[in-house]
Amino acid sequence: MAGLAKSALRASAKVIRKHVRDDVPTRTKHIKNHVASWVFVDRDTGQPKLQVGFYGWQRVKKRGKQPSHSSPWWIERGTKPHAILTTDGIMYDKSTGTSYGNAVNHPGQQATNVLRNAVYNNISEIKAAQEEYLKLLNEEIKNITGKTLDGEAEDDD
């Protein structure tokens, strides 16, 4: 039963990952390589769980893909305006030969909530992906307990 439940979660994770990759801003080209999901059984409750998130650049590089220079967290949660300081005292752009000084004021970035929106906006598609596995799981429960779930009534003639 745990295997069927985990398979249902994996099917829904595939749908979510597809939508997250489509919704990630295009200015961050390699951030699509960071999208990931985990299905596991919680040790405390015994319930299968699904987590969807972003891999760090080390895990992406270990998997043989090009990591992004920006953090996925910055895209999901945004950043506040801040100053970027250098350790050597001067910011220098080699391609243009321009010297910027020792600090740059970053204007910040608005949050896009890509992960949350991928789930909330596509809930019917996620349920449809789980449907086949949930039917099999319901049959398995019926075989074990002799009862049906989801309000199905049996006629005992």
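The chain is numbered in sequence order, starting from 1.
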Within residues 50-60 or reaching into it, pairs that qualify as side-chain hydrogen bond (donor to acceptor under 3.5 Å, both in side chains) - sequence neighbours excluded = Tyr55-Arg63

Contact summary for Ala129 and Val15, nearest pair of heavy atoms = CB-CG2, 3.8 Å

Sorted by chain and number, sequence neighbours left out, side-chain contact (heavy atoms from CB on, under 4.5 Å) with Lys65 holds for Asn33, Val60

Test Glu131 against Leu134 for side chain to side chain contact (heavy atoms under 4.5 Å, CB included), laying out the working first.
-> CA-CA 5 Å; Glu131 216 168 275; Leu134 293 178; 5.8 Å; no

Mind checking side-chain contact (heavy atoms from CB on, under 4.5 Å) for Asp42 and listing every partner two or more places apart, or none if nothing turns up?
-> Asp44, Thr45, Lys49

Can you give each donor-acceptor pair under 3.5 Å made by side-chain atoms of residues 74-82, sequence neighbours left out, with the distance rounded to 0.1 Å?
unit_1	atom_1	unit_2	atom_2	d
Glu76	OE1	Val114	N	2.9
Glu76	OE1	Leu115	N	3.0
Thr79	OG1	Gln109	N	3.1
His82	ND1	Lys80	O	2.8

Any chance you could measure Ser7, atom OG, to Gln130, atom CD, to the nearest 0.5 Å?
-> 11.0 Å

Roughly how far, to the nearest 0.5 Å, is CD1 of Ile126 from CD1 of Ile123?
-> 4.5 Å

What residues, two or more places apart in sequence or in another chain, satisfy side-chain contact (heavy atoms from CB on, under 4.5 Å) together with Glu139?
-> Leu136

Listed partners of Leu50 passing side-chain contact (heavy atoms from CB on, under 4.5 Å), at least two apart = Leu9, Ser12, Ala13, Ile16, Ser37, Val39, Val52

Backbone N or O of Asn113 within a donor-acceptor pair of the Asn117 side chain at under 3.5 Å?
-> yes

Set of residues satisfying ring-ring contact (aromatic ring centres under 6.0 Å, His included) with respect to Tyr133, sequence neighbours excluded = none

Keeping to residues at least two apart or across chains, list the salt bridge (charged side-chain N to carboxylate O under 4.0 Å, His left out) pairs with something in residues 3-22.
-> Lys18-Asp22

Side chain to side chain, Ser68 and His34, heavy atoms closer than 4.5 Å | yes

Counting heavy atoms not belonging to Trp38, are there more than 12 under 6.0 Å from its CH2?
-> yes

